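Working notes, beginning with the structure itself.
Remember, predicted model here, so these are calculated numbers, not experimental data. We count ligands from 1, going down the list as the structure has it; atoms in each ligand are counted the same way.
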Amino acid sequence: MSFDSLGLTDALLKAVADQGYSTPTPIQLKAIPVILEGKDILAGAQTGTGKTAGFSLPLLQRLAKDFDPKTRPRKVRALILVPTRELASQVFDSIQTYGKYLPLTAQVIVGGVSINVQTRLLRQGCDIVVATPGRLTDHLFQKHVNLSDVETLILDEADRMLDMGFLPDIRRIMTYLPKKRQTLLFSATMPGDIKALADSILNNPVQVEIAKQNATADTVSELIYGISKENKRELLSYLIGSNNWQQVLVFVRTKHGADRLEKQLIKDGVRAASLHGDKTQAARTKALELFKSGKVTALVATDIAARGLDIEELPHVINFDLPQVAEDYIHRIGRTGRAGLKGAAISLVCTEDAYLLGAIEKLLKRQIPRVNDTGYEPISLRSIDASKKSATANKTSTQGKKDFRHHNKKKPGAKNESPTHSRDDKPKQRSPTKR
Ligand code: AMP
């Protein structure tokens with residue numbers, strides 16, 4: 001089926017064609033006609049499914065239909081709430097891209113940048129606001145923005161927003177919106193609190209279910225390296241250097257850990273940057289740009305980068321620390337293997353974290369393959385492997401540590417398990433993030 005059959009106008013079809021998209025993704029096929037009809041949606045869709053275009057295209061079409069150029073300043077007619085600043089700017093870019101042949105305007109409202117500049121922009125008016133809930137609430141309290149003309153509200157990555165403690169802000173924002181509106185809720189998972197939110201803000205929604213819950217993409221090959229905490233950094237530098245990896249997204253648990261690993265990698269000769277919630281917005285944007293443009297090889301990030309980030313053709317994700325919450329494993333490794341390309345996800349797991357691996361494998365309902373010979377002294381992942389016959393993780397390992405930096409002949413990992421072929425934020429937060 002082609003985009004032509006979805007009822008989109010020429011201006012949008014042309015923008016889609018400019019992007020080189022020939023076929024709508026499943027979420028686009030299901031969501032676009034429903035949104036065009038003005039109905040509410042409750043969509044279970046993960047990132048990488050094309051959901052941004054899935055809601056942006058029909059939204060733009062509906063807004064363009066009743067566009068009145070004489071309205072000055074422009075009134076906010078659509079509000080898109082997202083969990084992170086990075087996702088906000090990504091959604092904003094998509095709106096610009098798909099709406100390039102339309103006269104509509106959009107603004108990004110996120111924390112970490114001057115509130116005064118945003119206030120000025122909001123006063124000038126715009127049709128669409130893409131915002132993180134915290135900063136938008138600040139603007140609402142100070143009456144910088146009027147949301148009483150909003151026709152469509154979109155909650156993107158709703159489960160992540162709730163994880164980050166944004167529910168009170170979302171509830172507050174709701175009180176500024178008209179009751180009669182279209183509401184679209186997108187969430188990768190559907191836990192009870194999301195269902196409760198959906199019940200209270202959606203009106204007779206059409207349910208759209210796309211990706212299997214708790215599933216990883218087939219395009220991502222996964223490996224576990226059982227390795228002691230002390231040796232992780234050296235192994236990481238070795239893997240990057242010896243395989244000549246050019247773009248590696250490395251997840252760590254804490255902001256401090258991200259800064260520390262960034263410095264250590266730089267010392268090892270790896271071009272590295274870090275991304276976490278304590279950085280200024282300018283520093284976060286710069287780190288991401290350097291990484292996307294290939295000027296930096298390793299981006300060390302907290303789970304702030306686990307959701308939504310779209311890094312074109314990212315080949316490698318490394319879990320330097322496993323996530324505290326098993327679902328975040330799926331989101332993290334979903335940064336690679338996108339749009340049908342292949343990707344590799346490697347997790348460095350120390351004995352202390354074996355219980356986290358156990359929780360992840362329980363969620364996935366399968367065991368992730370182990371690298372038999374890590375080149376380091378075998379460690380025990382016993383708490384999860386003990387009961388499994390197939391757990392021969394460290395059986396063939398050589399004793400004692402090898403010096404990887406002078407060890408060029410043999411790469412860690414058996415040949416058939418090597419991740420090198422592939423090319424085709426923080427523990428889960430329950431408190432509000434920085435605004
Ligand atoms: P999203 O899930 O919205 O983050 O989108 C994931 C990626 O898929 C983005 O890089 C989009 O540009 C891309 N994309 C969206 N729709 C299509 C499509 N119909 N065909 C090919 N790529 C698409």
Residues Gln281 and Thr285: side-chain donor-acceptor under 3.5 angstrom
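Yes, Thr285 and Gln281 have a side-chain donor paired with an acceptor closer than 3.5 Å.
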Can you find a side-chain donor-acceptor pair between Ser200 and Arg171 that sits under 3.5 Å?
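The answer is yes; a qualifying pair exists.
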Using a strict cut-off of 4.0 Å, indicate which atoms of ligand 1 neighbour a heavy atom of [X].
X: Thr23; result: 18 (C), 19 (N), 20 (N)
X: Thr52; result: 1 (P), 3 (O), 4 (O)
X: Gly50; result: 1 (P), 2 (O), 3 (O), 5 (O), 15 (C)

Would you mind checking if Arg160 and Asp328 are paired as a salt bridge, meaning a charged N to carboxylate O distance below 4.0 Å?
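Salt bridge: yes.
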Find the distance between CD1 (Ile201) and CG (Leu155) and round it off to the nearest 0.5 Å.
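Those atoms lie 4.5 Å apart.
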Could you state the interatomic distance from CG (Leu363) to CD1 (Ile330), rounded to the nearest 0.5 Å?
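Atom-to-atom, Leu363:CG and Ile330:CD1 are 4.5 Å apart.
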Location of contacts on Gln90 toward ligand 1, heavy atoms closer than 4.0 Å
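Near ligand 1, Gln90 shows nothing, with every heavy atom at 4.0 Å or more.
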At a non-hydrogen distance cut-off of under 4.0 Å, which region of Val16 contacts ligand 1 (side chain, backbone, both, or neither)?
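No part of Val16 is near ligand 1 at this cut-off.
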Considering Phe186, Tyr21, Phe3, Tyr98, which one's heavy-atom position lies nearest to atom 17 (C) of ligand 1?
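Comparing heavy atoms across Phe186, Tyr21, Phe3, Tyr98, the nearest one to atom 17 (C) of ligand 1 lies in Tyr21.
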